[in-house]
Amino acid sequence: MLMDVSSEMIHALLPVYLTVGLGATALAVGIIEGIAEATAAITKVFSGALSDRIGRRKELATIGYGLAAIAKPVFPLASGMDALIGARFIDRIGKGIRGAPRDALVADLAPEGRRGAAFGLRQSLDTLGAFLGPLLAILLMWAFANDFRAVFWIAVIPAFMALGLIVFAVKEPPRPAGLRKVRNPLSRAELRLLGGIYWAIVGLATMFTLARFSEAFLILRAEEVGLSLMLVPLVLVGMNAVYALSALPAGVLSDRMDRPTLLMSGLVLLIAADLVLALLPGVLGLGLGVMLWGLHMGLTQGLLSALVAEAVPSELRGTAFGMFNLITGAAMLLASVIAGGLWQAFGSEATFLAGAAFASIAMIGLIPLRRQLA
């Protein structure tokens, strides 16, 4: 939660800072965001595999949180786009190193039959940080008269608080006796042990990701409809408020009911969000679209993580989450570049209509998997 407060204080303002302050185009924002997220995803596969090989998660998670904390002061110190891209790159490497080991640690700690709730809680707290971060950005932009750098400096504080918590407060459970030791988690033989259901979940999540490009485009849409610079972060505040409130109930519900139905509902909500953002003008359309977007995230993101955790052997969970994030991260890069290119060439409507089309394809792909995932 604390690291998300820090990251989202910066992320809520960075697209506007790049376009208004430094003259970047929407396509450039899409490429920067896509490369940043893809970098995190590529790193996750190696950190996840390493956590399986050494049989421990916390050390790698600590390194990841440390890199992210160290990168934060670069944002207020940067004088040009190159330094900002570099800081974003280091920050995402930190996210990549911590991501898969942290998710595997959550799965290791969660009781059987409660992993949906555990990942829902993790997603809810994560998103609470993403809610508080933009809200603080709004208040601080008002307090510092739209001084981006001052806000970026304040964002450094919760990043180092998060680092302190992982170092001193988080305890890793002992490795179960008799658990198989994995010598080369990324070998072909080990990857085959992940199983067909796991790879089907990865394929489905990839289509989800192509439909759900970077939230930076929600911020650009807010600027397009005329929100002031100070109020632009309200987009992420609203989206993450809905996301945080819905993630835990959705996770609890996923332990008790048909999971494919929840995933299908999430896709319907994403299609509705894209159509509203594309076709309903003004602040009303923006607000409704952002709320639907956040609700779809709450219904689907924790559930996909729970499905991954339960589909694979426990000794390969780090590798499974790493591969999952690698492939979906590559899809995020492609989705963000496509979204930026469509926005620049045809306008925002084309970007969101393309998202609705990809979500429809994902819905069709979910139909034959319903029985296996139930």
Flag yes if [X] and [Y] sit in one hydrophobic cluster, no otherwise; membership is Ile, Leu, Val, Met, Phe, Trp, Tyr, and two members link when side-chain heavy atoms are under 4.5 Å apart.
{"X": "L67", "Y": "L2", "result": "no"}
{"X": "M257", "Y": "L299", "result": "yes"}
{"X": "F148", "Y": "V74", "result": "no"}
{"X": "W343", "Y": "L286", "result": "yes"}
{"X": "M323", "Y": "L50", "result": "no"}

For the residue pair [X] and [Y], what are the closest heavy atoms and their distance?
{"X": "A69", "Y": "M3", "answer": "N-CE, 4.1 Å"}
{"X": "A87", "Y": "A71", "answer": "O-CB, 3.8 Å"}
{"X": "A155", "Y": "I10", "answer": "CB-CG1, 3.9 Å"}
{"X": "L227", "Y": "V283", "answer": "CD2-CG2, 4.5 Å"}
{"X": "L163", "Y": "Y65", "answer": "CD1-C, 4.1 Å"}
{"X": "A150", "Y": "F144", "answer": "CB-CG, 3.7 Å"}

Distance from [X] atom [atom1] to [Y] atom [atom2], nearest 0.5 Å?
{"X": "L369", "Y": "I197", "atom1": "CG", "atom2": "CD1", "value": "7.0 Å"}
{"X": "F46", "Y": "L60", "atom1": "CZ", "atom2": "CG", "value": "13.5 Å"}
{"X": "L193", "Y": "S187", "atom1": "CG", "atom2": "OG", "value": "8.0 Å"}
{"X": "E8", "Y": "L13", "atom1": "CD", "atom2": "CG", "value": "10.5 Å"}
{"X": "M291", "Y": "H296", "atom1": "CE", "atom2": "NE2", "value": "15.5 Å"}
{"X": "L165", "Y": "M1", "atom1": "CG", "atom2": "CE", "value": "8.5 Å"}

Residue set satisfying ring-ring contact (aromatic ring centres under 6.0 Å, His included) with F324, at least two apart, ordered chain then number -> none

Contacts of F152 that satisfy ring-ring contact (aromatic ring centres under 6.0 Å, His included) - sequence neighbours left out: Y17

Quick one: do E59 and R98 make a salt bridge, cutoff under 4.0 Å? no

Is R317 salt-bridged to D103, going by a charged N under 4.0 Å from an acidic O? no

Which residues share a salt bridge (Lys or Arg N to Asp or Glu O under 4.0 Å) with [X], sequence neighbours left out:
{"X": "R57", "value": "D52, D108"}
{"X": "R53", "value": "none"}
{"X": "R149", "value": "none"}
{"X": "E223", "value": "none"}

Keeping the roles fixed (side chain from K95, backbone from G64), state whether a donor-acceptor pair exists under 3.5 Å. no

Any donor-acceptor pair under 3.5 Å from S47 side chain to G96 backbone: yes

Other residues, nucleotides and ligands only: do more than 12 of their heavy atoms fall within 6.0 Å of CZ on R188? no

Show the atom names and distances, to 0.1 Å, of all donor-acceptor pairs under 3.5 Å that link a side chain in residues 241-249 to residues at least two apart or in another chain.
{"residue": "Y243", "atom": "OH", "partner": "Q123", "partner atom": "NE2", "Å": "2.6"}
{"residue": "S246", "atom": "OG", "partner": "V242", "partner atom": "O", "Å": "2.8"}
{"residue": "S246", "atom": "OG", "partner": "Y243", "partner atom": "O", "Å": "3.2"}

Kindly indicate whether the side chain of [X], heavy atoms from C-beta on, has any atom under 4.5 Å from the side chain of [Y].
{"X": "L186", "Y": "V45", "result": "yes"}
{"X": "S305", "Y": "F321", "result": "yes"}
{"X": "F352", "Y": "R221", "result": "yes"}
{"X": "V252", "Y": "L121", "result": "no"}
{"X": "S7", "Y": "R92", "result": "yes"}
{"X": "L316", "Y": "R180", "result": "yes"}
{"X": "V151", "Y": "M141", "result": "yes"}
{"X": "T319", "Y": "E190", "result": "no"}

Side-chain atoms of residues 203-212: list all donor-acceptor pairs with protein atoms under 3.5 Å, sequence neighbours left out, distances to 0.1 Å.
{"residue": "T206", "atom": "OG1", "partner": "V202", "partner atom": "O", "Å": "2.8"}
{"residue": "T209", "atom": "OG1", "partner": "A205", "partner atom": "O", "Å": "2.8"}

Test L303 against T300 for side-chain contact (heavy atoms from CB on, under 4.5 Å), laying out the working first. CA-CA 5 Å; L303 177 52; T300 60; 5.7 Å; no

Result of checking L132, I157, L135 against V5 for side-chain contact (heavy atoms from CB on, under 4.5 Å): L132

Would you list the pairs meeting side-chain hydrogen bond (donor to acceptor under 3.5 Å, both in side chains) in which at least one residue belongs to residues 150-168, sequence neighbours left out? none

Donor-acceptor pairs are to be reported for all side-chain atoms of residues 261-281 against protein atoms at under 3.5 Å, with residues two or more places apart or in another chain.
{"residue": "T261", "atom": "OG1", "partner": "D258", "partner atom": "OD2", "Å": "2.4"}
{"residue": "T261", "atom": "OG1", "partner": "R370", "partner atom": "NH2", "Å": "3.2"}
{"residue": "S265", "atom": "OG", "partner": "T261", "partner atom": "O", "Å": "2.9"}
{"residue": "D274", "atom": "OD2", "partner": "A356", "partner atom": "N", "Å": "3.2"}

Residues 291-312 vs salt bridge (charged side-chain N to carboxylate O under 4.0 Å, His left out), sequence neighbours excluded, gives R259-E310

With sequence neighbours excluded, tell me which residues meet side-chain contact (heavy atoms from CB on, under 4.5 Å) with A345. none

